[in-house]
Amino acid sequence: MSQSAPIARLVSDWFAANARDLPWREPGTTAWGVLVSEVMSQQTPVRRVEPVWREWMERWPTPADLAAEPTGEAIRAWGRLGYPRRALRLHAAAVAVAGDHDNVVPDTIAALEALPGIGTYTARAVAAFAHRQRHPVVDTNVRRVVARAVAGNPDAGMATTAADLRATETLLPDDAEAAAVASAALMELGALICTARAPVCARCPLADDCAWHAKGEALPEGPSRKPQKYTGTDRHVRGLIMAVLREADDPVARVALDTVWHEPDRRERALTGLVADGLVVEGAGGFRLP
DNA sequence: AAGGCGTGGTA
DNA sequence: TTACCAAGCCT
């Protein structure tokens, strides 16, 4: 492997021939559309995002359209994507863009990161993919690809660090447009080829330039991130409650929620948490979406 | 700064 | 079946 391997070019060429045709990659997608796709894709497989994203874009083509709705509509339209607080924050972001930015999605990292639910990754993704700026866009896929190809490690660390951003920035072409393409390509490579558990090095454009491949492709020993319990946790019960309220046209009485889980303490804790988070409100006839 | 936060698919 | 994983963010 060569020290100055043109990683960006190799991956970008591969991307040109192998990219999935995701709807938000189509020409003419607005910055708002890109932002929504990025938030929906946080911790959620892209396959499940597609239909929901299409519905949202048709229904709320600009931030102001969403901002004009009750937050509960965003939560309901979120469906089963998971982590519904993202819907809440996306609605809040829409309110902020409509109110503070003249309904135009900001194009600076600082302004983007100031929006609810927009962090290090999503801010740079929007700046790069929507505004075609040159920024390192580092998600779990990119971290894994860089960890393997450059550092020769089987996996990256648990969270994105400043060092990850610097390492990735180094790989990007100088040209902003080319850098944006390279970032999308690195993500796609991690999603389709350089996967966590079953990488397909035989079809990888970086195989000849990959430090990890050269060392024999030893798979990571433990989990890449902290294993999460789910069954019987508060999160589980919160999800059960939200599923009921999403389907309900009218407020739901407390007794009607008793059937979702057998332990009263956990039920109560879940419900209280949801109300505290603003995902549920208690009104006259019972509990409902805000 | 470690842990909380949904949901469904795959091996 | 259980365990891990999937375009993170917030506190």
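- The nucleotide whose nearest atom lies closest to any side-chain atom of A:A196 is, among C:dA6, B:dG9, C:dC10, C:dA6.
- Enclosure of atom CZ in A:R132 by more than 12 non-hydrogen atoms of other residues, nucleotides or ligands within 6.0 angstrom is indicated.
- Residues from residues 37-45 of chain A lying near DNA chain B, meaning a heavy-atom separation below 4.0 Å, are A:Q43, A:T44 in numerical order.
- In this structure, A:I109 stands alone, with no Ile, Leu, Val, Met, Phe, Trp or Tyr side-chain heavy atom under 4.5 Å from its own, directly or through other members.
- Here C:dA7 is the nucleotide among C:dA7, B:dC5, B:dG8 with the atom lying nearest to any side-chain atom of A:L22.
- Side-chain atoms of A:Y230 lie closest to B:dT7 of the nucleotides B:dC5, B:dT7, C:dC5.
- Residues passing the side chain to side chain donor-acceptor pair (under 3.5 Å) test with A:R144 are A:N141, sequence neighbours excluded.
- Not counting sequence neighbours, the partners of A:R25 by the salt bridge (Lys or Arg N to Asp or Glu O under 4.0 Å) test are A:E188.
- Listed nucleotides C:dA3, C:dA7, B:dG6 differ in distance to A:E188; the shortest reach to its side chain belongs to C:dA7.
- Within residues 246-279 of chain A, the residues having any heavy atom closer than 4.0 Å to DNA chain B are, in order of number, A:R246.
- Here C:dA7 is the nucleotide among C:dA7, B:dC5, C:dC4 with the atom lying nearest to any side-chain atom of A:R144.
- Across all strands shown, A:W78 has no heavy atoms under 4.0 Å from either base or sugar-phosphate atoms.
- With distances taken from any side-chain atom of A:Y83 to the nucleotides C:dA6, B:dG6, B:dT10, the minimum falls on B:dG6.
- Which of B:dT7, B:dG6, C:dA7 sits closest to the side chain of A:R86 comes down to B:dG6.
- With sequence neighbours left out, A:R76 forms a salt bridge (Lys or Arg N to Asp or Glu O under 4.0 Å) with A:E73.
- When distances run from any side-chain atom of A:K229 to the nucleotides B:dT7, B:dG6, C:dA3, the shortest one goes to C:dA3.
- The side chain of A:V46 has C:dA7 as its nearest neighbour among C:dC4, C:dA7, C:dG8.
- Among the nucleotides B:dC5, B:dG8, C:dA7, the one closest to any side-chain atom of A:R80 is B:dG8.
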